[in-house]
Amino acid sequence: MLFTKHTLQNGLTVIHHPDFNTKLCVLNILYRVGSKDESPDKTGFAHLFEHLMFGGSKHVPDFDTVLQTAGGDNNAFTSNDITNYYLTLPFNNIETGLWLESDRMFSLNINQKSLDVQRNVVIEEFKERYLNQPYGDTWLKLLPLAYLEHPYSWPTIGREISHIEEARLEDVKTFFDSFYAPNNAILVIAGHIEEAPALELVTKWFGDIPARKVNRPQYKTEPVQSEPRHLEIKAPVPLDMVLKAWHMPGRMETGYYETDLLSDMLGSGKSSRLYQVLVKEKGLFSEIDCYITGDVEPGLFIIEGKLSKGIPIESGDKAIQELLQKILSELNEEELQKVKNKTETTLLFNDVNVLNRAMKLAYCEMLGDINLVDKETSHYLAVKLDDLIKNGQKLLTENNCSTLYYRSA
Amino acid sequence: MNRSIAPPSYPIGKIDYPAHHQFIASGGVPVYLVHDEHCAVLKLELVFNGGARFQDQPFQAQSTASMIPEGTTRFTASQIAEKLDYYGSYLQKRAGDDDSSFVLYCLPKFLEPCLNMIQEVLLNAVVPDNELDIFKKNSIQRQKISESRNGYLTRRAFNELVYGKQSIYGQTVYQQDIENISRETVMAFYESQYKTGIKYLLVSGFVNDKVQQQLDQFCSGFKHSISKLNPILSQQSTERYRHIQNENAVQSTIRIGKLIPGRKHSDYRKLQVMSLILGGYFGSRLMSSIREEQGLTYGIHSAVESNLEAGAFYIETDMNNELAANGIEAIFAEIQKLIETPVEADELNTAKNYYLGSFLRSLDGPFSIADRAKIIIDFGFESNYYEEFLEIINRVSALDIQQLAQTYLDRKDLITVVTGKK
């Protein structure tokens, strides 16, 4: 992938990626702040803050109207690790985007009215996605079971609604000052624009924003889990569900790629092991899935299955455990090649549109190695079967596992 | 830097829709191409006359599309899945109301073995009983989960009321429909709608000469399927309000809307602009008023959709049960404003620019362009359909929007469905 990287004097990282096949320009700004940077008694702030970023800034009372009038669109997301803002515009209007983003980085207008409204919106989001959906509260329950110390123990929406209800203007302002600094951000400008004008425009709009001191908390290390953990929930859901979560290596740690490929071997696609045995052969589950959270810090390896009617959760859980041991002793080169092929396809498909490429550049830079945008595929292809199995055997033990039974009441 | 002065911004003067190409394969199947030399992957959509409009009983089209790759005279379902997975490909099966398709995503280097497997399943499917049993059982369980969701229940009732139960566009699936599917019904549909041939192929991404030859070779084994389309009569119900009780709901899902003419009607593109102003983007009236000012909801949007022969306009949102009644009135108040007062020039201008900008976004990458091409193919539009677009959008006036609102958004014609706890 073609790109260049620069750093402005205020510490802002600027990445340019050209693509003249599109008539669009993309501006992606990643702030190095996520829910892991919140204090345990004020959770949900990073995400609440993402909403406040649309409440207007010093010279732009209404972010969206200005952008939309220029034919642009935007959105944002918050994860455990980052908050990412992106916008796309017809290429000749990219300067409007730079103006908007720089103004809110420079002097966001945080006021009581905007806070009141966005607090309500976020509380509604909390209810709509986490309380009013069957199984919606799964992560609210699972994370504190799996993490005792590390800030991954709450979801990005927050640990509880009261934290959002109690958010004060002062807290929110402190949050902005602590994290929304040019020296804590990565800007990607991509699409229908040459490097020289791109750099010139970015410097023009962002160059004078002063660097600020970033107050990042020291994350508590999660103690090594030494015995099985269990939790049961009863709720009016249509089917019983079992969810098992194992601690796994962080994004840049040894074993990450092995673990990711193992999750595909177990649970991705109809030919995967779990589906073939537990859904098709034995009919114990109606659906089963295996995936990783993929967080920067040590994350979770998840197996999640909805049981067939009449099958007790305990039997399903036991079948998963037995099958894991059996599978680990049987995995072969052909299966590994299969998930490598799948991964190669997926990674290439993700690169098809320019917005995805811009986000990926920012994310890899945040991880500390921008060259991962090209190298990642080869990391996956280099995984050896032996390592993958050893890693799996170490990881997938009951002592390293948190198990959630979701019973249909 | 003086940030109080906004940088200049320019209208979108021209839209270059990168035309798709076409050739007729040896067996007569039309092949449409959207080639992008920079793209490393490809997407192949095989379209069949296998939509629900051709079925004799509910769920027949969907179950057939799902079951075709579940076993042939030579391979078991597991072997088929194993092969397609091995080549890193993804095969999606979709049965809509008007047509059905198999969509293959793969790397060019693995196209040939993937095509061989697809040919095998299309020509030699056997629909094994045990596979059908598993499929039915799991479909019923998934259906139960869907039926516990507010959103699903609301959309199901809405479609039944707006299109009418006699129209295929108004029909949805019930658990009993899944029970009623037998191997014979699936085989019959497979024989009549798939084995008879392919409607067309739409391929996008890396489609060089070699890929085109491989596709031509593949198509030579199939006939071009042309099915007679019996007209679909959609008729909106006279019922105007329906409440569906869901004891477990914290929030209510609300959907308000009506039957409209589909994409072939000259009002359709203008209705898209009207809907956009009302609730189609973040700066829309409903988002500004119901979410940003009143904080009643996390999200609210309006849209128009079009099947081949009819469409619908709708507004959808979720809000707390106890707020739903007020929320509905607040929505109707916004509709009334659109009917009574012409849109201000600034607002219309923003909406138009946003609309054209989103059209540009929908052309980002060959797969998105292929989705656009499918509309031209399915509706039989001229190839300049999208170039006309700019002209039509630029011409839409405040008066047009007001007249459309008066014609299509009269409260006495709008259907409201609410699912939640009363």
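Every heavy atom of this structure was used, including side-chain atoms; hydrogens, water molecules and symmetry mates were not. Order of the sequence lines fixes the chain letters, A, B, ..., with proteins taken first and strands second; residue numbering starts at 1 for each chain.
- For residues 264-284 of chain A, there are no ring pair (Phe, Tyr, Trp, His ring centres under 6.0 Å) pairs, not counting sequence neighbours.
- When heavy atoms are compared at a cutoff of 4.5 Å, Asn341(A) approaches chain B by way of both its backbone and its side chain.
- For Ile145(B), the parts lying under 4.5 angstrom from a heavy atom of chain A are both the backbone and the side chain.
- Only the backbone of Leu307(A) comes within less than 4.5 Å of a heavy atom of chain B; no side-chain atom from C-beta onward does.
- For Lys280(A), the side-chain hydrogen bond (donor to acceptor under 3.5 Å, both in side chains) partners are Glu70(B), Glu131(B), not counting sequence neighbours.
- For Glu335(A), no part lies under 4.5 angstrom from a heavy atom of chain B.
- Residue Ser57(A) does not touch chain B at all, counting heavy-atom pairs closer than 4.5 Å.
- Both the backbone and the side chain of Glu128(A) come within less than 4.5 Å of a heavy atom of chain B.
- With a threshold of 4.5 angstrom between heavy atoms, Lys204(A) approaches chain B through its backbone and through its side chain.
- Heavy atoms of Asn150(B) lying under 4.5 Å from chain A belong exclusively to its side chain.
- Of the atoms belonging to Phe54(A), not a single heavy atom falls under 4.5 Å from chain B.
- With a 4.5 angstrom heavy-atom cutoff, Lys306(A) touches chain B only via side-chain atoms.
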